[in-house]
Amino acid sequence: MRVLVTGGAGFIGKQVCVALCDAGHSPLVIDNRKSPDIDRLGFPFFHGDLGDRHFLRQVFDQEKVDGVIHLAALVNVGDSVKEPALYYWNNVGTTLNLLDVMNEHGVNRLIFSSTSALYGGGEKERYAETDPPNPISPYGKGKWMCEQAIEECCRLSGLHATVFRFFNVAGGDPVNGLAPDLDRAHHLIAECLRVALTGEGKLQVFGDDYDTHDGTGLRDYVDVRDIARAHVVGLEFLEKSEVRYELFNLGTGREHSVYDVIGVVEKVTGKKLPIEVVARREGDAVRAVSDARKAERVMGWTAQYPDLRDIVKGAWFAIS
């Protein structure tokens, strides 16, 4: 299949493109920023913005597209609280643009990257796809709007879609030299590695008074290589299944606190990380841990790198 990957120059997008290529597919990349990795890997690249309908139509007119993997988004929960309108336009408005242009060109297969932030503040130990959305940030609310729009398009316009709710994606790919961009990444493991690598600044811990075993928030970390492989499995599922719309959590089901992550990073890197405890961030959940059994039961996907130490090692060896 010729697969258009929006946000394909990003951390997850590059890994998805490699996985597609390894599986015999042909990825095409759309992104509003360039990446040396995309040039090095040789994937066709279209530089532009999904908000530009003329640009989108040109790409679809020029290329035969069999399916779309839509990864492009702003993803920082804290920033979404500060700039909600920007997040709603960039994540919701551009998705509607993409859906409309896909419909115009008869492209009816979509994999959409959503988020565990839809589940809310962390009242449950594990979240399954049947749990009702209760997002507490503009980022999560915007992704929920996108899911509803996609489901409606599946019902009314012939679209076939698989939605993946990612938990905390981390790691790296030393084999292909794909590492998180430490200057742009905002997730905890990347921040830890940046401090370990540069020796500059302190690692901020946003709140240590949560009702957890050590007072810090709990997260489910899933390796970027597993996320990439899920997209290949998802394409095959779309091809074989008659289901018009399906939703899957992607995670390991293992919970790790902020201090757990810091301890593992210190062991892997051999560096002691200076920390600073600051106030909680608005929009942060206490707990976000997956029940991802549906993905295994229905698609046959399960994480091959479930151990946090392996996830951290993948990122550290890729950047160092």
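We find the CG-CZ distance between Leu188 and Arg219 to be 9.5 Å, quoted to the nearest 0.5 Å. Between the OG atom in Ser80 and the CG atom in Leu86 there is a gap of 10.0 Å [rounded to 0.5 Å]. From Cys153, atom SG reaches atom CZ of Arg244 across 10.5 Å, with rounding to the nearest 0.5 Å. The distance from the OG1 atom of Thr198 to the NZ atom of Lys271 is 9.0 Å, given to the nearest 0.5 Å. Atom CG in Leu218 sits 13.0 Å away from atom OH in Tyr259 (nearest 0.5 Å). For the atom pair CD of Glu266 and CG of Leu203, the computed distance is 9.0 Å after rounding to the nearest 0.5 Å.
Contact check for His213 versus Asp260: side-chain heavy atoms found under the 4.5 Å cut-off. Taking the side chain as every heavy atom from C-beta outward, Arg155 and Glu151 never approach each other to under 4.5 Å. Between Val222 and Phe166 the shortest side-chain heavy-atom distance does not fall below 4.5 Å. A 4.5 Å side-chain heavy-atom check between Leu74 and Tyr139 finds every atom pair outside the cut-off. Between Tyr88 and Pro138, some side-chain heavy-atom pair lies under the 4.5 Å cut-off. Contact annotation: the side chain of Leu250 approaches that of Ile227 to within less than 4.5 Å [non-hydrogen atoms, C-beta and beyond]. Residues Asn103 and Leu159 form no side-chain contact, since every pair of their non-hydrogen atoms from C-beta on lies 4.5 Å or further apart. The shortest side-chain heavy-atom distance between Val68 and Arg109 does not fall under the 4.5 Å cut-off.
Considering every non-hydrogen atom in both Leu247 and Lys294, the closest pair reads O-NZ, 2.8 Å. Between Leu273 and Ile262, the shortest heavy-atom contact is CD1-CG2, 4.1 Å. Contact between Gly142 and Val92 at its shortest, heavy atoms only, is O-CG2, 3.4 Å. Nearest heavy atoms, Thr94 versus Gly51: CG2-N, 3.6 Å. Across every non-hydrogen atom of Pro27 and Pro44, the tightest pair is O-CD, 3.4 Å. Here the closest heavy-atom approach between residue Thr115 and residue Gly140 is recorded as CG2-CA, 4.5 Å.
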For Met1 and Leu235, run side chain to side chain contact (heavy atoms under 4.5 Å, CB included): C-alpha distance rounded to whole Å, both residues' side-chain angles, the deciding distance at 0.1 Å, then the answer. CA-CA 9 Å; Met1 294 176 64; Leu235 279 178; 4.1 Å; yes

Could you give me the CA-CA distance, side-chain angles and deciding distance for Ile189 and Leu193, then say whether side chain to side chain contact (heavy atoms under 4.5 Å, CB included) is met? CA-CA 6 Å; Ile189 291 177; Leu193 294 178; 4.0 Å; yes

Assess whether side chain to side chain contact (heavy atoms under 4.5 Å, CB included) is satisfied between Val107 and Asp66, documenting all intermediate values. CA-CA 6 Å; Val107 179; Asp66 298 312; over 6 Å; no

What do the steps show when you test Thr6 against Asp31 for side chain to side chain contact (heavy atoms under 4.5 Å, CB included), and what is the final call? CA-CA 6 Å; Thr6 73; Asp31 211 304; over 6 Å; no

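Of the charged side-chain nitrogens involved, at least one lies within less than 4.0 Å of a carboxylate oxygen, so that Arg57 and Glu104 count as a salt-bridged pair. Ion pairing between Arg194 and Glu200 fails under the 4.0 Å rule for side-chain N and carboxylate O. Ion pairing of Glu255 with Arg126 is present here, as a side-chain N (NZ or NE/NH1/NH2) and a carboxylate O approach within less than 4.0 Å. Between Asp223 and Arg225, at least one side-chain N (NZ, or NE/NH1/NH2) sits under 4.0 Å from a carboxylate O, which counts as a salt bridge. The residues Arg293 and Glu296 are annotated as not salt-bridged, no charged nitrogen and carboxylate oxygen being separated by less than 4.0 angstrom. The pair Asp39-Lys34 does not count as a salt bridge, with every side-chain nitrogen at least 4.0 angstrom from each carboxylate oxygen. In summary, Lys124 and Asp131 engage in a salt bridge, as defined by a charged side-chain N under 4.0 Å from a carboxylate O.
In this structure, the side chain of Trp301 engages the main chain of Asp226 through a donor-acceptor pair within 3.5 Å. The backbone N or O of Gly253 lies less than 3.5 Å from a partner atom in the side chain of Ser290, making a donor-acceptor pair. Side-chain N or O atoms of Arg281 include none that pairs as donor or acceptor with a backbone N or O of Gly78 at under 3.5 Å. Side-chain N or O atoms of His47 include one that pairs as donor or acceptor with a backbone N or O of Asn32 at under 3.5 Å.
Val163 is not connected to Leu238 by any chain of hydrophobic side-chain contacts under 4.5 Å among Ile, Leu, Val, Met, Phe, Trp and Tyr, and they are in different clusters. No chain of hydrophobic side-chain contacts below 4.5 Å, direct or via other Ile, Leu, Val, Met, Phe, Trp or Tyr residues, connects Val169 to Tyr221. No continuous path of hydrophobic side-chain contacts links Trp144 to Phe112 [ILVMFWY only; heavy atoms under 4.5 Å]. One hydrophobic cluster holds both Met102 and Ile30 under the rule that ILVMFWY side chains link at heavy-atom gaps under 4.5 Å. Hydrophobic cluster membership differs between Phe55 and Leu71, with clusters built from Ile, Leu, Val, Met, Phe, Trp and Tyr side chains linked at under 4.5 angstrom.
Neither side chain, His70 nor Ser113, offers a donor N or O lying under 3.5 Å from an acceptor on the other. In summary, the side chains of Asn249 and Arg165 do not present any donor paired with an acceptor at a separation below 3.5 Å, with no hydrogens or angles considered. Counted by atom type alone, Asp61 and His105 present one or more donor-acceptor pairs between their side chains at under 3.5 Å. Thr162 and Glu246 are not linked by any side-chain donor-acceptor pair at a separation below 3.5 angstrom, with hydrogens and angles left out of the test. Looking only at atom types and distance, the side chain of Asp208 has no donor-acceptor partner in the side chain of Thr216 under 3.5 Å away.
Other residues, nucleotides and ligands place more than 12 heavy atoms under 6.0 Å from the CD atom of Gln148. In Asp211, the CG atom is not crowded: 12 or fewer heavy atoms of neighbouring residues, nucleotides or ligands sit closer than 6.0 Å.
With Tyr210 as the aromatic partner, Arg280 meets the cation-pi criteria of under 6.0 angstrom to the ring centre and within 45 degrees of the ring axis.
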Donor-acceptor contacts under 3.5 Å from residues 8-22 side chains, at least two apart:
{"from": "Lys14", "atom 1": "NZ", "to": "Asp37", "atom 2": "OD2", "distance (Å)": "2.9"}
{"from": "Gln15", "atom 1": "NE2", "to": "Asp173", "atom 2": "OD2", "distance (Å)": "2.8"}

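Phe167 forms part of a hydrophobic cluster together with Tyr119, Tyr127, judged by ILVMFWY side-chain heavy-atom separations under 4.5 Å. Grouped with Val278 in one hydrophobic cluster are Phe206, the linkage being side-chain heavy-atom contacts under 4.5 Å among Ile, Leu, Val, Met, Phe, Trp and Tyr residues.
Between Phe164 and His231, a ring centre-to-centre spacing shorter than 6.0 Å is recorded.
Using cut-offs of 30° and 60° for the angle between ring planes, the Phe248 and Phe237 rings count as perpendicular.
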